[in-house]
Enquirer: 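First the structure, then my questions, so here it is.
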There are 2 protein chains.
Amino acid sequence: MSLSNEVTIRVAVFEDNEQLLESLHQLIEATIKFICTGAFSNAQHLEKKIAQSNPDVVIMDIDMPGINGIDAVSILHIKYPHIRVLMQTVFDDNDKIFAAIRAGASGYILKKSSSAKIIEAIVDTYNGGAPMTPSVAEKVLNMLRYQNQNAQAENINLSEREKEILTLLVKGKSYKMIAAECFISIDTVNSHIKNIYEKLHVHSKSEAVVKAINQKLI
Amino acid sequence: MSLSNEVTIRVAVFEDNEQLLESLHQLIEATIKFICTGAFSNAQHLEKKIAQSNPDVVIMDIDMPGINGIDAVSILHIKYPHIRVLMQTVFDDNDKIFAAIRAGASGYILKKSSSAKIIEAIVDTYNGGAPMTPSVAEKVLNMLRYQNQNAQAENINLSEREKEILTLLVKGKSYKMIAAECFISIDTVNSHIKNIYEKLHVHSKSEAVVKAINQKLI
DNA sequence: TAAAAAATCACTTGTTCATGTGATTGCAGA
DNA sequence: TCTGCAATCACATGAACAAGTGATTTTTTA
């Protein structure tokens, strides 16, 4: 995570706690190659403040009165996509982390992080990384995992042919079309689908399709 | 990331490069409160090696001859769910990161990480965090984002009633059931669905269901 | 090698669906 | 106020589907 010699990273801070804002300001100013181009206690008139401070990296408190940090990130991400945002928060609860990520935050650290960690995180953020405390990262990984494993609780084993036909069902094909694509008779298609329904415990095409998608059977 | 005084973290290493294996071994042994209970150059007879070394944290190289690191993690995650695994790799390519996460890895760091970072990562892993280099974290965030933004390209505006009926379709209800649940006649259901099909440019229940799910219309 | 599972086809029956055409009511915006 | 849209209902028809029963062939596996 080294930094080429010439660059000065322009950092703006949004933080409603005045004391913390001041200490962040000082931390940034005290660090060589950082310059604090703005220290704001709220995200009102966000665009004006950004235009004024022209930052490379924004440190954004997630909980602020008025416009909250997540909405602010959304706006920044759309209007100033080149600006990278490092979220800062006291608690690492799932919902906020997720909302911040969706909104376009690059990194996510806790306020209790040490000065050294914060400085490191700013550099990482500037360099295109996504610094996050291990506890946050753990939660992010879990979100990823859940979204890709939610299902398969039941043990459904479809044969290859059945999967193939189910896939075509999901694509919206009719029995007739499936028969044509698989070079089998429509009666065979019917027969396979009967078996699929039995294995999935469903009684119609659309139920089978929903189950196939939700459980990633195909 | 402090560590209570009494604990000694038992670490096992799997790494096919003998030199790297040796240097990791030494790094761990040289660190107070770590003990290296195993240094293996492959994951053959994984369970025996694990039983033998009884580690709290496993450092696993992702690319190994024979059984690769990802398969090894899968096995560990199922058979020894309490063991936390820190993946180590040279390259941070998306597929491997994703596969490792799915397999159940806790952290993911690059081999070029400094000794201090590696030690820190082991402690974080032990403490339930998910240490990862910012570049890896960036990729993980992108995966999360993509999975929740894919759709809504076309501008489809269904009326409230249409959404309601589409939702019921997705739940696998028949026209008759929908009519009953909405207190309307089956003809009205038919009529609404006709309109839905027109708006979605589809011609069957299952196509409508797929589109509704993929584009998160409901 | 014998049994089980998968893939194929056939016939039937009642049900559900897709689509067309057309009509009424009520509400909101130009 | 007129227009258009949303929601409601009605009737009709042919196509598609669900489910039952039964059978043959091939492949897999115990």
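Every chain is numbered from 1, with letters handed out A, B, ... down the list of sequences.
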Enquirer: Does B/Ser41 use its side chain to pair, donor to acceptor, with the backbone of B/Asp16 at less than 3.5 Å?
Expert: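 Side chain of B/Ser41 to backbone of B/Asp16, a donor-acceptor pair under 3.5 Å: no, none is there.
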
Enquirer: Going by side chain to side chain contact (heavy atoms under 4.5 Å, CB included), A/Met132 matches just one of A/Val140, A/Leu86, A/Asp92, A/Ile109. Which one?
Expert: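 Going through the options one by one, the only one that passes is A/Val140.
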
Enquirer: Is the shortest side-chain N to carboxylate O distance from A/Lys176 to A/Glu181 below 4.0 Å?
Expert: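 Answer for the salt bridge query: no.
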
Enquirer: What pairs with B/Phe14 under ring pair (Phe, Tyr, Trp, His ring centres under 6.0 Å), at least two apart in sequence or on another chain?
Expert: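 Applying ring pair (Phe, Tyr, Trp, His ring centres under 6.0 Å) to B/Phe14 gives B/Phe40.
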
Enquirer: Report yes if the side chains of B/Arg161 and B/Cys182 come closer than 4.5 Å at any heavy-atom pair, otherwise no.
Expert: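 Answer yes - side chains close enough.
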
Enquirer: Among residues at least two apart in sequence or on other chains, which ones pass side-chain hydrogen bond (donor to acceptor under 3.5 Å, both in side chains) with A/Gln52?
Expert: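 For A/Gln52 there are no side-chain hydrogen bond (donor to acceptor under 3.5 Å, both in side chains) partners, ignoring immediate neighbours.
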
Enquirer: Rounded at 0.5 Å granularity, tell me how far CD1 in B/Ile165 sits from OH in B/Tyr175.
Expert: 10.0 Å

Enquirer: Any heavy-atom pair between the side chains of B/Gln88 and B/Leu110 that's under 4.5 Å?
Expert: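 With C-beta onward as the side chain, the pair stays apart.
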
Enquirer: Can you pull the contact range of chain A along DNA chain C, 5' to 3', using atoms under 4.0 angstrom from its heavy atoms?
Expert: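 The contact span of chain A on DNA chain C goes from C/dA6 to C/dC11.
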
Enquirer: Scan residues 56-76 of chain B for pairs that pass salt bridge (charged side-chain N to carboxylate O under 4.0 Å, His left out), counting only residues two or more places apart or in two chains.
Expert: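 Checked against salt bridge (charged side-chain N to carboxylate O under 4.0 Å, His left out) - neighbours excluded - the pairs reaching residues 56-76 of chain B are B/Asp61-B/Lys111, B/Asp63-B/Lys96.
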
Enquirer: Please determine whether a side-chain nitrogen of the Lys or Arg among B/Glu162 and B/Lys194 lies less than 4.0 Å from a carboxylate oxygen of the Asp or Glu.
Expert: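 Salt bridge flag = no for B/Lys194 with B/Glu162.
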
Enquirer: Compute the angle between the rotation axes at the two ends of the helix from C/dT1-D/dA30 to C/dA30-D/dT1, each taken over five pairs, rounded to 10 degrees.
Expert: 60°

Enquirer: Can you build the contact string for nucleotides 3-21 of chain D? Use B for base contact, S for sugar-phosphate-only contact, and - for no protein heavy atom under 4.0 Å.
Expert: ---SSBBBB----SSBBBB

